[in-house]
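Both backbone and side-chain heavy atoms feed into the values below; hydrogens, waters and symmetry mates do not.
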Amino acid sequence: MAASMCDVFAFCLMPEEARRVAEIRFINSGKGKGLFATRSIRKGETIFREKPLVSSQFQWNALYRYRACDHCLRSLETAEENAQRLSGNVNIILPYPELCTIQNGLHQQCPRCRVSYCSAECLKAAAEHYHQVLCLGPSRDNPSHPLNKLEEAWRNIHYPPETASIMLMARMVATIKQAKDKDWWLHLFSQFCNKTANEEEEIVHKLLGDKFKGQLEQLRKLFMEALYDERVSRWFTPEGFRSLFALVGTNGQGIGTSSLSQWVHACDALDLPAKEREQLDTVIDQLYKDIEKETGEFLNCEGSGLYMLQSCCNHSCLPNAEASFPDNNFLLHLNALEDIKPGEEICISYLDCCQRDRSRHSRHKILRENYLFVCSCPKCLSQAEDPDLTSEEEEDDADLDGETDDAELEDEMTDV
């Protein structure tokens, strides 16, 4: 089949390293596009690294003092500061402080609104792409400013655990408003998966809850007051705003960063005598127990972004690749979980490891509710004759198995 103009456009945007190992292909009208290997890829290999077109920290996450670079989401706290805040213990002193990668001396602020960045490079990139439109200047703490009203309304509708951000949509508009080649950016955003009107309503309903229609209209009016632009006027109509909302809800990739997690991984790599290793592991184990007691599951600076190439990866309940953020910023690494042959589709999972271990019936329920499709991956096809075990039955079975042990808890907490 001849490549469409959209396929050619997407290929031109692929990072150079990705072009050497993969290509985007149209599969069918149901699945749309997919990413396929063009050469053998070994287990553990980084398939590509990708920056998002736009990204934003979640609103509640920022409000609760998870300090992150306003551009790349890099944690701005040192590992020790991070540990002190998460554990509620200001007296914690971490060993091996030289393993922390945070450099406070490089941090910068916007001279007008005092928004923080991890470096002069991020300050410059934000100013060039979208921040001139979104900069609040001296109105940063003014609750009557249209952007502050929009954020406040969003926080009152979308509570933790957060899965999307109204400011991601704001940065899309701001990027187009600032861009010299506005058509280029409009075409970029048009490459993301689109849904039917009914599917869009389901996505919005999932994000906002039962009162979603009234809340969506409230957000649309505030969005228009803060950001209206004639070039993207369709995004401000009821139908266009719903489509924009659904685009972000469907394609937004979660981002998690943690200076503490980076420090722990660096500690794991240390070559230490057995006794020192045991002592260090004991310190880390106790730290995570204290954090679990004080903070629970909210450990990372969290946000979401739109990634052109990653969004082409389809779901499988037996994924052969996974995304991670090992650089403590928004740079996504797609790594191979298995050996991948030339011509084989590169798939990630939209489910976490616990959800992937559940029954086919439960997996399908989660995917249908959150992503509006029925999975037909090899694992689901092989379990087609399995009984339809309900989530409640599975949870009862899980209760009999006991609680997660400390080692599994630490693995989960440090997996960024």
(request) Check for a donor-acceptor pair, side chain of Glu81 on one end and backbone N or O of Thr78 on the other, with a separation under 3.5 Å. (result) yes
(request) Drop me the distance from Ser40's OG to Ile340's CD1, to the nearest 0.5 angstrom. (result) 10.0 Å
(message) Quick check for you: to the nearest 0.5 Å, what is the distance between Asp268 atom CG and Asp281 atom CG?
(response) 7.0 Å
(message) Taking the basic N atoms (NZ, or NE/NH1/NH2) and the acidic carboxylate oxygens, is any pair closer than 4.0 Å for Lys124 and Glu121?
(response) no
(request) Would you mind reporting whether Asn61 and Cys301 have side-chain heavy atoms less than 4.5 Å apart? (result) yes
(request) With Arg39 as reference, evaluate Glu45, Glu344, Glu23 under the salt bridge (Lys or Arg N to Asp or Glu O under 4.0 Å) test and give the passing residue. (result) Glu45
(message) Surrounding CD of Glu98 (heavy atoms of other residues, nucleotides or ligands, distance under 6.0 Å), is the total greater than 12?
(response) yes
(request) Taking all heavy atoms of Gln310 and all of Ile348, pick out the closest pair and write down the distance. (result) NE2-CD1, 3.5 Å
(message) I want to know whether His315 and Tyr350 have ring centres closer than 6.0 Å.
(response) yes
(request) Output yes when a side-chain donor or acceptor of Gln262 lies under 3.5 Å from a complementary backbone atom of Pro326, and no otherwise. (result) yes
(message) Lys275 vs Glu278, test: salt bridge (charged side-chain N to carboxylate O under 4.0 Å, His left out). Steps then yes/no.
(response) CA-CA 5 Å; Lys275 187 172 183 180; Glu278 183 180 352; over 6 Å; no
(request) Heavy atoms only: give me the nearest Arg363-Arg358 pair and the separation to one decimal. (result) NH1-O, 2.8 Å
(message) Both conditions, 6.0 Å and 45 degrees, for the charged tip of Arg85 above the ring of Tyr66: are they met here?
(response) yes
(request) Validate the cation-pi geometry between Arg220 and Phe241: distance from NZ or CZ to the six-membered ring centre under 6.0 Å, angle to the ring axis within 45°. (result) no
(message) Within the 4.5 Å heavy-atom criterion, are Gln215 and Asn156 side-chain neighbours or not?
(response) no
(message) With a 3.5 Å distance limit and no angle check, can you tell me whether Thr295 reaches the backbone of Leu86 through a side-chain donor-acceptor pair?
(response) yes
(message) Counting only heavy atoms not in Leu381 (residues, nucleotides, ligands), do more than 12 fall under 6.0 Å from its CG?
(response) yes
(message) So, taking the atom named CG in Leu222 and the one named CG in Asn148, what distance separates them when rounded to the nearest 0.5 Å?
(response) 11.5 Å
(request) Please indicate whether Tyr64 has more than 12 foreign heavy atoms, meaning atoms of other residues, nucleotides or ligands, lying under 6.0 Å from its OH. (result) no
(message) A side-chain contact here means heavy atoms from C-beta on lying under 4.5 Å apart; do Leu337 and Pro319 qualify?
(response) yes
(message) Once rounded to the nearest 0.5 Å, what's the spacing between atom NZ of Lys289 and atom CD1 of Ile291?
(response) 13.0 Å
(request) Look only at the side chain of Gln178 and the backbone of Ala127, and say whether a donor-acceptor pair between them is shorter than 3.5 Å. (result) yes
(request) Determine the minimum heavy-atom distance between Ala323 and Leu334, stating which atoms define it. (result) N-CD1, 4.0 Å
(message) Quick one, His131 and His71 - any side-chain contact, counting heavy atoms below 4.5 Å?
(response) no
(message) On a heavy-atom basis, which atom in Leu244 and which in Met172 lie closest, and how many Å separate them?
(response) CD1-CE, 3.5 Å
(message) I'd like to know if the side chain of His158 and the backbone of Trp154 have a donor-acceptor N/O pair within less than 3.5 Å.
(response) no
(message) Quick one, Ile346 and Phe48 - any side-chain contact, counting heavy atoms below 4.5 Å?
(response) no
(request) Give, for atom CZ of Phe192 and atom NZ of Lys33, the distance between the pair rounded to the nearest 0.5 Å. (result) 8.5 Å
(message) Testing the basics here: between Leu147 and Met167, what is the closest heavy-atom pair and its distance to 0.1 Å?
(response) CD2-CE, 4.3 Å
(message) Can you give me the closest heavy-atom contact between Gly305 and Leu168, atom names plus distance?
(response) CA-CD1, 4.2 Å
(request) Kindly indicate whether the side chain of Glu77, heavy atoms from C-beta on, has any atom under 4.5 Å from the side chain of Ile102. (result) no
(message) Rounded to the nearest 0.5 Å, what separates atom NE2 in His107 from atom SG in Cys69?
(response) 8.5 Å
(message) I'd like to know if Asp70 pairs up with Arg114 as an ion pair, taking the criterion as any Lys NZ or Arg NE/NH1/NH2 lying under 4.0 Å from an Asp or Glu carboxylate oxygen.
(response) no
(message) Are the side chains of Leu272 and Leu280 in contact, using a 4.5 Å heavy-atom criterion?
(response) yes
(request) Using a cut-off of 6.0 Å, state whether more than 12 heavy atoms not belonging to Lys177 lie near its atom NZ. (result) yes
(message) Does any part of the side chain of Tyr307, heavy atoms only, come nearer than 4.5 Å to the side chain of Leu309, both counted from C-beta?
(response) no
(request) Would you check if there is a donor-acceptor pair between the side chains of Gln253 and Ser311 at a distance under 3.5 Å? (result) no
